[in-house]
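Data block below; observations after.
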Amino acid sequence: MSDLHLSEQELLRRNSLQELRKLGIEPYPAEEFKVNATAAEILEHFDPEKNNYQEVHLAGRIMSRRIMGNASFIHLMDHTDRIQVYFRRDDICPGDDKTLYNTVFKKLLDIGDIIGVSGYVFKTQVGETSLHVKEFKVLSKAIRPLPIVKEKDGVVYDAFSDPDQRYRQRYVDLIVNEGVMDTFRKRTQIINSMRQFFNSFGYLEVETPILQSIPGGAAARPFITHHNALDIPLYLRIANELYLKRLIVGGFEGVYEFAKDFRNEGMDRTHNPEFTVLEIYVAYKDYHWMMDFTERLVEKVALDLHGKTEVPFGDKLINYQRPFKRVPILEAIREHTGFDVSGMNEEELREVCKKLGLEVDASMGKGKLIDEIFGEKCEHHYVQPTFIIDYPVEMSPLSKRHRNNPELTERFELMVNGKELCNAYSELNDPIDQLERFEEQLKLSEKGDDEAMFIDRDFVRALEYGMPPTSGMGIGIDRLAMFMTNNSSIQEVLFFPQMRPEKKKQIDSTEKFQEKGIPAEWVPIIQKAGYLTLVSMQQANPNKLHQDLCGINKKEKLGLTNPSKDEVQHWCSKE
RNA sequence: GACUUAGUAGCUCAGCUGGUAGAGCACAUCCCUUUUAAGGAUGGGGUCCUGGGUUCGAGCCCCAGCUGAGUCACCA
């Protein structure tokens with residue numbers, strides 16, 4: 001393989017790699033390196049009076065390096081923090097042979113390399129806690145240079161900030177950008193905190209199918225795949241709701257699942273094709289109980305994460321202290337539009353939408369129309385946590401009818417920052433009503449609503465055996481993580497957000513060029529000149545190609561004998 | 001999917017009215033020898049995203065494409 005495609009810095013590092021091996025130093029050693037301290041721990045607990053941390057073994061990545069003759073400083077970063085490390089030539093090399101310092105440390109190590117160091121902790125004249133190295137060991141050589149980010153007094157210089165690169169190469173983002181790792185630690189902490197809360201009630205964490213033959217429990221376009229052995233289509237789940245309710249039918253008191261769901265829809269700042277949802281179902285409860293439960297949950301998460309209920313988001317301060325306000329959706333619409341839409345039929349609603357300047361189409365039923373009004377005119381007003389409750393029955397095919405008004409359902413959504421965070425119902429457990437609602441959805445889909453729900457007859461059968469009154473709640477984990485870590489984009493709380501795949505350049509093998517009589521040593525040069533395939537080369541102007549090739553030969557000092565113009569002409573000819 | 005906007009050195013970015021591709025960091029060589037984002041000096045490093053077009057001449061103008069970002073549409 002040719003090195004022509006590598007940058008100067010990459011070549012230098014590859015060269016250093018070989019030099020290390022020549023000196024008998026394995027750049028990728030197999031054995032364990034025993035660590036007995038972390039950077040954060042030392043920075044916090046070192047005390048010159050006590051003279052502690054005098055035999056420390058630390059491992060991490062070199063993040064900066066300042067060489068001043070026979071003394072040098074580096075910053076070493078481990079999983080906890082960065083600490084300054086001091087190297088002195090005569091400590092590293094007590095004898096006459098100064099290779100380890102002059103060559104290995106000064107020349108063959110680079111920013112980005114992972115090393116282990118042993119020594120004692122002290123404070124420099126400037127007062128920075130540092131590790132004085134007595135021995136060091138190369139643990140892994142980095143042959144690709146890291147972006148250099150510097151920071152002083154909270155000001156970041158030359159940040160690695162291109163979102164494309166940050167998301168595609170999250171590993172680099174995690175290394176060089178402070179705070180990224182913290183966001184993901186917080187994300188896990190949120191999940192741990194919720195799990196602990198559910199377990200304290202004795203509810204059971206379960207797993208349900210991701211591959212489903214009927215994608216139920218929500219209204220969304222699914223991803224479709226195929227099972228070869230059964231020769232049937234399977235869908236990646238858009239929700240796990242119907243499976244969790246089957247488990248309630250089966251007799252569990254409470255079940256929950258942190259579930260990856262998949263929806264084949266648009267991607268933007270708040271939507272990723274795969275996303276995480278927590279759903280929980282508890283028997284013998286209703287949505288009032290669930291509102292109280294949800295408040296406690298969200299408040300606990302805020303407290304566990306931040307030690308207080310007030311959490312900043314953008315230029316706002318969100319207070320997750322319970323209780324949250326409860327506003328019936330029709331009241332919300334009346335408040336923000338002046339229209340009382342309760343009891344209106346489809347035509348009247350259409351009229352209201354028109355007056356409000358909302359676009360509607362024929363496929364929209366009552367539910368969608370009301371949702372449209374709420375989404376456009378009301379939603380964004382609810383910045384502080386607010387329960388919007390009692391949604392019209394058409395909007396909620398899985399929700400139990402309201403005990404006082406059959407037009408409404410016992411449903412709530414928790415709005416934060418003008419966005420839906422949770423969705424919950426007193427679950428519909430009347431099998432006959434459920435089947436009718438599914439059939440209603442079928443009609444909608446025949447009308448052109450491509451997001452109406454599929455009918456899951458097995459789920460109806462389960463309800464026919466009897467499901468206790470149950471309340472269920474779903475909460476978007478990615479969104480919660482965004483709110484709790486003050487990030488306005490979902491990509492910031494997903495390690496590997498979905499991206500368009502990087503385009504792979506088509507490249508012909510050396511053999512393919514050789515078949516045309518082109519010497520193997522010229523192939524990398526042709527490819528360096530930008531002609532990766534034989535065909536692309538043949539389409540080139542032979543004169544230009546000839547000049548390019550001779551130019552590269554000269555510039556890279558390859559010392560090859562230049563081909564004649566006729567030869568290049570011949571390479572380019574098609575026969 | 002539509003519109004707007006961006007793509008220049010390993011990273012962050014300049015680049016005038018179209019006229020020989022620049023800076024800082026990183027890298028290399030030398031000097032200095034306990035520095036605090038950066039001690040000093042010198043130097044190497046470029047498919048200006050790709051492909052067409054206009055032009056005597058394109059990083060810059062025009063067209064198309066690729067890959068992001070933002071806004072909207074879609075997403076109960």
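In the text below, chain A, chain B and the rest are named by the order of the sequence lines, each starting its count at 1.
Note: A:Phe105 and A:Phe87 have parallel aromatic rings, judged against thresholds of 30 and 60 degrees for the angle between ring planes. The aromatic rings of A:His381 and A:His336 sit parallel to each other, their planes meeting at less than 30°, with 60° as the upper class boundary.
Taking 4.0 Å as the cut-off between side-chain N and carboxylate O, A:Asp261 and A:Arg237 count as a salt-bridged pair.
Remark: A:Glu346 CD is packed, more than 12 non-hydrogen atoms of other residues, nucleotides or ligands lying under 6.0 Å away.
Base pairing of B:U5 is made with B:G68, judged by Watson-Crick or G-U wobble geometry with both donor-acceptor distances under 3.5 Å. Base pairing of B:A73 is not made with any nucleotide, judged by Watson-Crick or G-U wobble geometry with both donor-acceptor distances under 3.5 Å. Here B:G51 sits opposite B:C63 as a Watson-Crick or G-U wobble pair (both hydrogen-bonding atom distances under 3.5 Å). B:G43: Watson-Crick or G-U partner is B:C27, with both key distances under 3.5 Å. With a cut-off of 3.5 Å on both Watson-Crick or G-U wobble distances, the partner of B:U34 is given as none. The partner of B:G57 cannot be assigned: no Watson-Crick or G-U wobble pair with both contacts below 3.5 Å exists in any strand.
Using a 4.5 Å heavy-atom threshold, the side chains of A:Leu100 and A:Phe136 count as touching.
Checking A:Glu420 against A:Tyr382 by side-chain atom types alone, no donor-acceptor pair falls below 3.5 Å.
For A:Arg411, taking side-chain heavy atoms from C-beta onward, the closest of the listed nucleotides B:U12, B:A69, B:A76 is B:A76. Distance from the side chain of A:Asp371 is smallest for B:A76 among the nucleotides B:U12, B:G68, B:A76. Among B:C11, B:A73, B:A76, the nucleotide with an atom closest to any side-chain atom of A:Glu413 is B:A76.
In this structure, A:Asp162 reaches the sugar-phosphate backbone alone: every heavy-atom distance under 4.0 Å involves primed, P, OP1 or OP2 atoms, never a base. Looking at heavy-atom distances under 4.0 Å, A:Ser64 makes no contact with the nucleic acid at all. When heavy atoms are screened at a 4.0 angstrom cut-off, A:Pro397 is found touching base atoms of the nucleic acid.
When each of A:Tyr391 and A:Phe160 is assigned the nucleotide of RNA chain B with its nearest heavy atom, A:Phe160 is the one assigned upstream, toward the 5' end. For the pair A:Ser396 and A:Pro147, both in contact range of RNA chain B, the more 5′-proximal nearest nucleotide belongs to A:Pro147.
No donor-acceptor pair under 3.5 Å is formed between the side chain of A:Arg13 and the backbone N or O of A:Ile143. With hydrogens and angles ignored, the 3.5 Å screen pairs a side-chain donor or acceptor of A:Thr337 with a backbone N or O of A:Phe339.
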So if I define the base as every atom that isn't primed, P, OP1 or OP2, how would nucleotides 22-35 of chain B read as a B/S/- string at a heavy-atom cutoff under 4.0 Å? --BSBSS---BBBB

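Going from atom CZ of A:Arg168 over to atom P of B:G7 covers 18 Å, rounded to whole Å. One can place CD of A:Gln498 at 13 Å from P of B:U67, the figure rounded to the nearest angstrom. For the pair A:Asn264 CG and B:C75 P, the computed distance is 14 Å after rounding to whole Å. To the nearest angstrom, P of B:U36 lies 19 Å from CG of A:Leu43.
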